[in-house]
Asks: 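Structure provided below as structure tokens; questions to follow.
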Amino acid sequence: MAEAAPAAGGGIGDILATSDRDFLVRNSGEQVKISSVEASPVAIYFSASWCPPCRRFTPKLIEVYEKLASQGKSFEVVFASADRNEEAFNEYFAKMPWLAVPFSDSEGREALDGRFKVSGIPHLVILDAKTGEVYTEDGVEFVSEYGVEAYPFTPDRINELKEQEKAEKENQTIQSVLGTSTRDYLISNKGDKVPISELEGKYVGLCFVVDGFPPLAEFTEVLAKIYEKLKEVGEKFEVVAVSLDSEESSFNESFAKMPWLAIPQGDIKCQTLVRYFELSSLPTLVLIGPDGKTLNNNVADIIDDHGFEAWEGFPFSAEKLEILAEKAKIKAASQTLESILISGHLDFVIGKDGAKVPVSELVGKTVLVYFSAKWCPPCRAFLPTLVKEYNKIKEKNSDFEIVFISSDEDQSSFDDFFSEMPWLAVPWEDERKASLKKTFKIRGIPSLVAIGPTGQTVSRDAKSQLMIHGADAFPFTEERLEELQKKLDEMAKGWPQKLKHELHDEHELVLLRRGTYRCDGCDEMGSSWSYRCDECDFDLHPKCALGEEKMSEEAPAGYVCEGGVCRKA
């Protein structure tokens with residue numbers, strides 16, 4: 001059996017050599033004695049062709065490797081493959097200019113995995129070739145974020161770079177944010193180079209972009225209109241796209257539709273800015289002031305909230321935001337069912353047979369606007385519950401309806417899904433769907449928004465209310481929910497404080513007031529009260545723990561039940 005030698009004392013030879021192998025290989029098939037590897041530091045690259053993050057990182061590592069070689073700096077990489085077969089290994093390794101552990105030595109590769117406790121790939125361990133000292137196991141992060149600047153990848157060098165970054169933030173300029181030591185320009189979608197100096201004295205929005213992400217595409221479409229409007233009224237404003245695309249073709253496709261500038265795709269600065277501004281979500285639009293200092297780490301939410309009208313709040317100072325908030329308040333107060341469901345000649349929804357139902361026939365009713373899609377597993381799982389509760393509500397309340405807003409990808413899927421629903425819908429190809437999603441800031445599906453008889457929004461999370469209270473949640477107002485809560489609290493006075501249950505016989509379950517939770521008995525949502533085991537993180541609805549009848553039993557006349565005791569009033 002080939003065993004990796006101990007790391008201590010002998011440097012890279014003891015780490016990479018085994019008892020019956022003292023060489024590495026090149027993609028030409030040439031064998032290279034490990035003892036002849038003089039470069040230091042050496043990076044061991046754990047990767048595989050089947051791994052998408054690996055395929056994205058490998059070109060970055062090749063670029064750094066070749067730049068260091070061109071600068072005459074000592075550095076070597078050794079590929080430790082996790083490919084499934086030799087054919088895949090050979091095809092992947094053919095693109096790499098460095099060395100590799102032979103694919104045939106599976107035991108040697110596994111020994112390296114074990115030595116460095118590799119739990120995921122890509123993984124890059126960088127070490128001193130002479131002593132075997134590990135400089136870092138975060139090589140992927142450092143190469144991605146700093147490129148050749150991280151060389152020789154020692155802790156001292158990384159700390160130095162972090163100190164430089166801290167100083168840069170304190171002395172930030174538009175040049176330090178957007179430029180590098182070798183690039184002082186941006187590009188237009190026509191390929192023109194625009195000096196970064198032309199942005200000095202302007203407000204600059206850094207828009208992080210990636211192709212193929214629908215919410216971001218919708219955001220940039222609105223941002224483009226705001227951008228043109230601000231230009232039109234004479235504001236000194238520019239936008240710079242920061243690409244997160246791994247493929248240049250993907251970036252070019254999306255950038256072609258943008259009227260602003262960009263950092264060249266693949267530039268190391270794109271990854272640096274992800275860390276610099278602590279990017280955590282998309283869309284993100286960082287606003288830089290005329291002095292080059294950061295004014296706001298993300299104004300995307302403001303644009304999402306106000307749409308095109310957000311331009312009136314530029315540059316989004318506290319005073320301007322107060323004006324926007326007041327306008328939004330006035331707009332919300334004037335909302336009617338017609339204002340959200342009618343657009344021009346589109347003044348109808350459709351029934352099961354495709355018949356047009358005028359929106360005017362829904363005025364005065366409580367309407368649930370139901371955002372969903374057939375391709376969405378949670379939507380398909382929720383639909384039977386919604387149909388059941390809808391029918392219960394309709395039996396007692398004629399002034400109630402649901403309108404389906406589809407996120408399906410084609411007419412056929414819409415038709416199939418809608419056929420299971422007993423309510424109305426906005427047609428699949430209808431332009432109102434996009435405006436409704438924006439109006440109610442729909443971030444995920446299924447989602448239910450409740451519109452009251454006056455046309456005002458009474459709940460943006462009617463789904464949770466329906467899951468917890470069923471048809472009793474109607475008409476989904478705060479007053480109704482308070483009423484249900486009081487009733488539930490009164491019932492809880494008669495429930496046992498502790499009980500044992502067959503679904504959890506390890507420990508007693510204790511009656512506790514809870515926020516929202518998922519019942520481990522019926523797998524549905526619950527809130528307010530739960531029979532819970534903290535030790536096992538186990539919850540049961542009172543109705544699952546007690547049964548419907550016992551849960552709703554009331555004390556006989558003349559008795560009061562509280563604290564687990566029933567006594568005469």
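Quick note: residue numbers are just sequence positions, from 1.
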Asks: Apply the test side chain to side chain contact (heavy atoms under 4.5 Å, CB included) to residues F116 and V134: give CA-CA distance (whole Å), side-chain angles for both, the deciding distance (0.1 Å), then the verdict.
Replies: CA-CA 10 Å; F116 294 107; V134 175; 4.0 Å; yes

Asks: Taking the six-membered ring for Trp, is the centroid-to-centroid distance between Y45 and F57 below 6.0 Å?
Replies: yes

Asks: Please check if atom NZ in K441 has more than 12 non-hydrogen atoms from other residues, nucleotides or ligands closer than 6.0 Å.
Replies: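 More than 12 within 6.0 Å, yes.
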
Asks: Taking all non-hydrogen atoms of both residues, which atom of A450 and which atom of L368 are closest, and how far apart?
Replies: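 Nearest heavy atoms, A450 then L368: CB-CD2, 3.5 Å.
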
Asks: Taking C270's backbone N and O only, do any of them form a donor-acceptor pair with D267's side chain (distance below 3.5 Å, no angle check)?
Replies: no

Asks: Under the side-chain hydrogen bond (donor to acceptor under 3.5 Å, both in side chains) rule, collect the residues that match up with S49, sequence neighbours excluded.
Replies: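 So S49 forms a side-chain hydrogen bond (donor to acceptor under 3.5 Å, both in side chains) with D83.
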
Asks: Measuring from L186:CG to D192:CG, what's the distance to the nearest 0.5 Å?
Replies: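 So the gap between those two atoms works out to 12.0 Å.
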
Asks: Cation-pi check, K225 to F308: give yes when NZ or CZ is under 6.0 Å from the six-membered ring centre and within 45° of the ring axis, no otherwise.
Replies: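 K225 over F308 ring: no.
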
Asks: Looking only at atom types and distance, does a side-chain atom of E238 sit under 3.5 Å from a main-chain N or O of V204, one as donor and one as acceptor?
Replies: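 It does not hold such a pair.
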
Asks: When you look at CD of E429, are more than 12 heavy atoms from neighbouring residues, nucleotides or ligands closer to it than 6.0 Å?
Replies: yes

Asks: For A425 and V349, work out which heavy atoms get closest and say how close.
Replies: O-CB, 3.3 Å

Asks: If I compare all heavy atoms of V286 with all of T294, which pair ends up nearest, and what's the gap?
Replies: CG1-CG2, 4.1 Å

Asks: Please determine if R109 forms a cation-pi arrangement with F103, meaning its NZ or CZ atom is less than 6.0 Å from the six-membered ring centre and no more than 45° off the ring axis.
Replies: yes

Asks: For the backbone of S74 and the side chain of Y151, can you confirm whether one donor and one acceptor N or O come within less than 3.5 Å of each other?
Replies: yes

Asks: Hey, is the main chain of S176 close enough, under 3.5 Å, to the side chain of T173 for a donor-acceptor pair?
Replies: yes

Asks: I'd like to know if the side chain of R183 reaches the main chain of Y185, judged simply by a donor and an acceptor atom lying under 3.5 Å from each other, with no hydrogens or angles considered.
Replies: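 At least one qualifying donor-acceptor pair exists.
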
Asks: With a 4.5 Å limit on heavy-atom distance, are the side chains of P446 and P378 in contact?
Replies: yes

Asks: So with a 6.0 Å cut-off around NZ of K331, is the heavy-atom count from everything else above 12?
Replies: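 No, NZ of K331 has 12 or fewer neighbouring heavy atoms, counting only those of other groups under 6.0 Å.
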
Asks: Going by the side chain to side chain donor-acceptor pair (under 3.5 Å) test, name the single residue among D416, D415, D410 that passes it with K374.
Replies: D416

Asks: Indicate the atoms forming the closest heavy-atom contact of A43 with L124, along with that distance.
Replies: CB-CD1, 3.7 Å

Asks: Looking only at side-chain N and O atoms, does S197 offer a donor or acceptor that is under 3.5 Å from a partner on Q175?
Replies: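 On atom types as modelled, these side chains do not qualify, holding no pair under 3.5 Å.
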
Asks: Can you confirm whether or not the ring centre of F46 sits under 6.0 Å from the ring centre of F79?
Replies: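 Not close enough - the centres of the two rings lie 6.0 Å or further apart.
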
Asks: Name the one of I196, V239, V194 that satisfies side-chain contact (heavy atoms from CB on, under 4.5 Å) with L261?
Replies: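 Single pass found, and it is V194.
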
Asks: Is there side-chain contact between Y135 and L127, with heavy atoms separated by less than 4.5 Å?
Replies: no

Asks: Apply the test side chain to side chain contact (heavy atoms under 4.5 Å, CB included) to residues F142 and T136: give CA-CA distance (whole Å), side-chain angles for both, the deciding distance (0.1 Å), then the verdict.
Replies: CA-CA 9 Å; F142 295 150; T136 181; 3.1 Å; yes

Asks: Decide yes or no for M258 and V209: does some side-chain heavy atom of the first lie under 4.5 Å from some side-chain heavy atom of the second?
Replies: yes

Asks: Is R275 close enough and on-axis enough to Y146, meaning under 6.0 Å and within 45°, for cation-pi?
Replies: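 Cation-pi check for R275 and Y146: passes.
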
Asks: What residues, two or more places apart in sequence or in another chain, satisfy side-chain hydrogen bond (donor to acceptor under 3.5 Å, both in side chains) together with D430?
Replies: R432

Asks: Hey, is CD on E247 packed in by over 12 heavy atoms from elsewhere, all under 6.0 Å?
Replies: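 Open: at most 12 neighbouring heavy atoms sit under 6.0 Å from CD of E247.
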
Asks: Taking C-beta and beyond as the side chain, do E431 and L346 meet within less than 4.5 Å on heavy atoms?
Replies: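 A side-chain contact under 4.5 Å exists here.
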
Asks: Within the side chain of K438, is there an N or O that forms a donor-acceptor pair under 3.5 Å with the backbone of D304?
Replies: no

Asks: Within the 4.5 Å heavy-atom criterion, are L244 and L279 side-chain neighbours or not?
Replies: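 L244 reaches L279 side chain to side chain.
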
Asks: Inspect the surroundings of NZ in K231 and state if more than 12 heavy atoms from other residues, nucleotides or ligands are less than 6.0 Å away.
Replies: yes

Asks: Would N252 and S249 count as a side chain to side chain donor-acceptor pair (under 3.5 Å) if you check the C-alpha gap in whole Å, the side-chain angles of each, and the deciding distance to 0.1 Å?
Replies: CA-CA 5 Å; N252 290 339; S249 58; over 6 Å; no

Asks: Taking it one step at a time, do L466 and F382 satisfy side chain to side chain contact (heavy atoms under 4.5 Å, CB included)?
Replies: CA-CA 11 Å; L466 200 72; F382 174 61; 4.2 Å; yes

Asks: In terms of relative ring orientation, are Y370 and F404 parallel, tilted or perpendicular, with 30° and 60° separating the classes?
Replies: tilted

Asks: In the structure I gave you, are the side-chain heavy atoms of C207 and T220 within less than 4.5 Å of one another anywhere?
Replies: yes

Asks: Mind checking the CD-OG spacing from E66 to S70? Nearest 0.5 Å is all I need.
Replies: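 Here the rounded value is 8.5 Å.
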
Asks: Could you measure the distance from the CG atom of L285 to the CZ atom of F277? Nearest 0.5 Å is fine.
Replies: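 Here the interatomic distance stands at 11.0 Å.
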
Asks: Using atom types as modelled and distance alone, determine if a side-chain donor or acceptor of W375 lies under 3.5 Å from a backbone N or O of S407.
Replies: yes

Asks: Would you confirm whether the ring centroid of F237 sits within less than 6.0 angstrom of the ring centroid of F314?
Replies: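 Yes: the rings meet the under 6.0 Å criterion.
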
Asks: What distance separates E253 CD from E248 CD, expressed to the nearest 0.5 Å?
Replies: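 If I round to the nearest 0.5 Å, the distance is 13.0 Å.
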
Asks: Are R157 and E149 close enough for a salt bridge, meaning some N to O gap below 4.0 Å?
Replies: yes

Asks: Assess whether a salt bridge exists between K329 and E326, defined as any Lys/Arg side-chain N lying under 4.0 Å from an Asp/Glu carboxylate O.
Replies: no

Asks: State the CG-CG distance between N90 and N27, to the nearest 0.5 angstrom.
Replies: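 So the CG of N90 and the CG of N27 are separated by 9.5 Å.
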
Asks: Would you check if I402 and Y390 make a side-chain contact, meaning some heavy-atom pair closer than 4.5 Å?
Replies: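 Yes; the side chains approach each other to less than 4.5 Å.
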
Asks: State, yes or no, whether a side-chain contact exists between C54 and Y92 at a heavy-atom distance under 4.5 Å.
Replies: yes

Asks: Return the minimal non-hydrogen interatomic distance between V77 and Y65, and the atom names on each side.
Replies: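 Scanning both residues, the minimum pair turns out to be CG2-CD1, 3.8 Å.
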
Asks: Just by distance, do the side chain of K169 and the backbone of Y276 share a donor-acceptor pair under 3.5 Å?
Replies: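 Checked: pair present.
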
Asks: Salt bridge (charged side-chain N to carboxylate O under 4.0 Å, His left out) between E232 and K229: does it pass, once the steps are laid out?
Replies: CA-CA 5 Å; E232 179 186 318; K229 182 65 178 180; 3.5 Å; yes

Asks: Does E168 CD have over 12 foreign heavy atoms under 6.0 Å away?
Replies: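 Correct, the count exceeds 12.
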
Asks: Is it true that, when you exclude K67 itself, more than 12 heavy atoms of the residues, nucleotides or ligands shown sit nearer than 6.0 Å to its NZ?
Replies: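 No.
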
Asks: Does the side chain of D156 pick up a donor-acceptor pair with the side chain of T154 at under 3.5 Å?
Replies: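 Absent: no donor and acceptor within the cut-off.
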
Asks: Nearest 0.5 Å, please: how far is OG in S281 from CG in D301?
Replies: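 So the gap between those two atoms works out to 7.0 Å.
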
Asks: Counting N and O atoms only, with roles assigned by atom type, does the side chain of T272 sit under 3.5 Å from a partner on the main chain of I268, one being a donor and the other an acceptor?
Replies: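 Side chain of T272 to backbone of I268, a donor-acceptor pair under 3.5 Å: yes, one is there.
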
Asks: Check the surroundings of atom CD in E91: do more than 12 heavy atoms from other residues, nucleotides or ligands lie under 6.0 Å from it?
Replies: no

Asks: Measure across E200 and I174 and return the closest heavy-atom pair with its distance rounded to 0.1 Å.
Replies: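 Minimum heavy-atom contact is CG-CG2, 3.6 Å.
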
Asks: Donor-acceptor pair, Q265 side chain versus F251 backbone, under 3.5 Å?
Replies: no

